[in-house]
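A quick write-up on the structure given underneath.
Below, each value reflects all heavy atoms present in this structure, side chains not excepted, and no hydrogens, waters or symmetry copies. Per chain, numbering begins at 1; letters A, B, ... match sequence-line order.
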Protein chains: 2
Amino acid sequence: MATGRTHRPATRSRGIPEATVARLPLYLRALTALSERSVPTVSSEELAAAAGVNSAKLRKDFSYLGSYGTRGVGYDVEYLVYQISRELGLTQDWPVVIVGIGNLGAALANYGGFASRGFRVAALIDADPAMAGKPVAGIPVQHTDDLEKIIDENGVSIGVIATPAGAAQQVCDRLVAAGVTSILNFAPTVLSVPDGVDVRKVDLSIELQILAFHEQRKAGEEAEAAGESEAVIQTPKESGKGPDGDVPAVMPA
Amino acid sequence: MATGRTHRPATRSRGIPEATVARLPLYLRALTALSERSVPTVSSEELAAAAGVNSAKLRKDFSYLGSYGTRGVGYDVEYLVYQISRELGLTQDWPVVIVGIGNLGAALANYGGFASRGFRVAALIDADPAMAGKPVAGIPVQHTDDLEKIIDENGVSIGVIATPAGAAQQVCDRLVAAGVTSILNFAPTVLSVPDGVDVRKVDLSIELQILAFHEQRKAGEEAEAAGESEAVIQTPKESGKGPDGDVPAVMPA
DNA sequence: ATGTCTTTGTGAACGCGTGCACAAAGATGG
DNA sequence: CCATCTTTGTGCACGCGTTCACAAAGACAT
């Protein structure tokens, strides 16, 4: 099943920083767009602009993969697309199961982004017997009872949890026990998993709350409206006295 | 995590580090659960375990908000819930618009997490005239033409983009022009916004690709550790600059 | 070949976030 | 009131990630 995995592109292959890994998909997307427009080469400056990052950062990121650029010219788009795809493991097929076919699960099943890049929805699983057999996105929903069998027969190693919060940990445990080692969690819960299992979480309400925090801060500064531009003022760290404006630093009684 | 933002000197808004802000919602969720069980106080150790973080980190996070704990006892749950809620701006109402009512947009509209905490879906907007008036999650969908009017009349400052990638930037521009200053972007695009506008992005396919990377790495290590007698992994000749044999089959965006 | 010009690749400095470890603060019991 | 025990709040050191700035590498023109 797994083809040769002893890859060593003439440089330090192991030890790609996590932050870099998180940006590779971004670069890949930008490069794919260039590829479709048949652009042969691209400079770090251009690509960085397209990906919304600093060009030095981009060059350093690529340097972890190896020296794929040509000084004075830039990077070969096709070659880079291939290298990043391979580094991310997108040259192979990743069967994925989605557990919890509610509104969100159905939306995920229909999401084109899955199929387009090496990921294939191998099965949809739901606890509701009434859902069983019903096709969603052209795939019949299967019952939770068969979870282990489905994982095993399809060689699934990536699972997506889109269940209510209450069921998430239990589903997670079963997925892990059945052999899944990477989980994308949409349920608003902190999952606990054994070592060796990766969990990434996508949490709507957390994202909104972070936005609300900044929004409130912006509103506060605006209300203060002393005529200062917000970018440059850096209040020196003071302790004790300090007019921090709107919010009273309430101390517990 | 994923937060694509235009550059800004990593400002500590009122001295609270960005990393701390991102964890506050997590603490709040754990505290709310404790509150519902009528637990009066909690130690940093317990709360940290519930939130899945280091206890020292949690104490330091709270120290940015002020000294709300009592040594030898712990933190007062109710008080802390209130303080964090206020800090995050959840004590006020945040009207939100969702633009792009496809599968994902509809799922978001139905998502309970919105209403539960200060956020209220003020309007659903879609470009398809056939959708207009059709109720989704009990809210009638309105047409994009009225976007500016809807933003204005409802005092919306937070927008959610769930459109196809092609429409995202255009929608974003209109939202910003209409007064929205915080955007949660689900479209697989890098949005460019003026200073002062916050963008957070949620990108499915990026999350999956990051998981795939680690999955591939795990598989590789495993194969390496499981004895090297496999003749399959013979070092390819790597003649010239061409990559090794297996064809990449480049995927479209 | 030689010089000029462009762009990469990276050494080094800096800043942020994390986690340890401990002193200070307060509760609790005698 | 004093001793002891628990838990907070934080000083400090370390490591990761980001950014600057520049030498080296190659393309290209003459």
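- Contact between V180(A) and S157(A) at its shortest, heavy atoms only, is CG1-O, 3.5 Å.
- Although no hydrogens or angles enter the test, the distance criterion places a donor-acceptor pair under 3.5 Å between the side chain of S85(A) and the main chain of V81(A).
- Look at CD on E18(B): it is 12 Å from P on dT18(C), rounded to the nearest Å.
- Between S55(B) and S44(B) the shortest heavy-atom distance is CB-O, 3.9 Å.
- In terms of heavy-atom proximity, A50(A) sits nearest to V190(B) at O-CG2, 3.9 Å.
- The nearest whole Å value for the distance from the CG atom in D61(A) to the P atom in dT19(D) is 11 Å.
- Non-hydrogen atoms lying under 4.0 Å from DNA chain D are contributed by S43(B), S44(B), R59(B), K60(B), all within residues 42-60 of chain B.
- Side-chain contact between L184(B) and L211(A): present, with at least one pair of heavy atoms (C-beta onward) separated by less than 4.5 Å.
- E46(B) has its side chain out of reach of L34(B): every pair of non-hydrogen atoms, C-beta onward, lies at least 4.5 Å apart.
- When the options F62(B), Y75(B), Y79(B) are evaluated for a ring-ring contact (aromatic ring centres under 6.0 Å, His included) with Y68(B), the one that passes is Y79(B).
- Distances shorter than 4.0 Å separate some side-chain N or O of Y75(A) from OP1 or OP2 on dG9(C).
- In this structure, the helix from dA1(C)-dT30(D) to dG30(C)-dC1(D) shows an angle of 10° between the axis at its start and the axis at its end, each fitted on 5 base pairs and rounded to 10°.
- For the pair G74(B) and A19(A), nearest-nucleotide mapping onto DNA chain D gives the more 5' position to G74(B).
- Although no hydrogens or angles enter the test, the distance criterion places a donor-acceptor pair under 3.5 Å between the side chain of N185(B) and the main chain of T189(B).
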For nucleotides 24-30 of chain D, read 5' to 3', which letter fits each nucleotide if B means a protein heavy atom sits under 4.0 Å from the base, S means only the sugar-phosphate is that close, and - means neither?
BBSS---
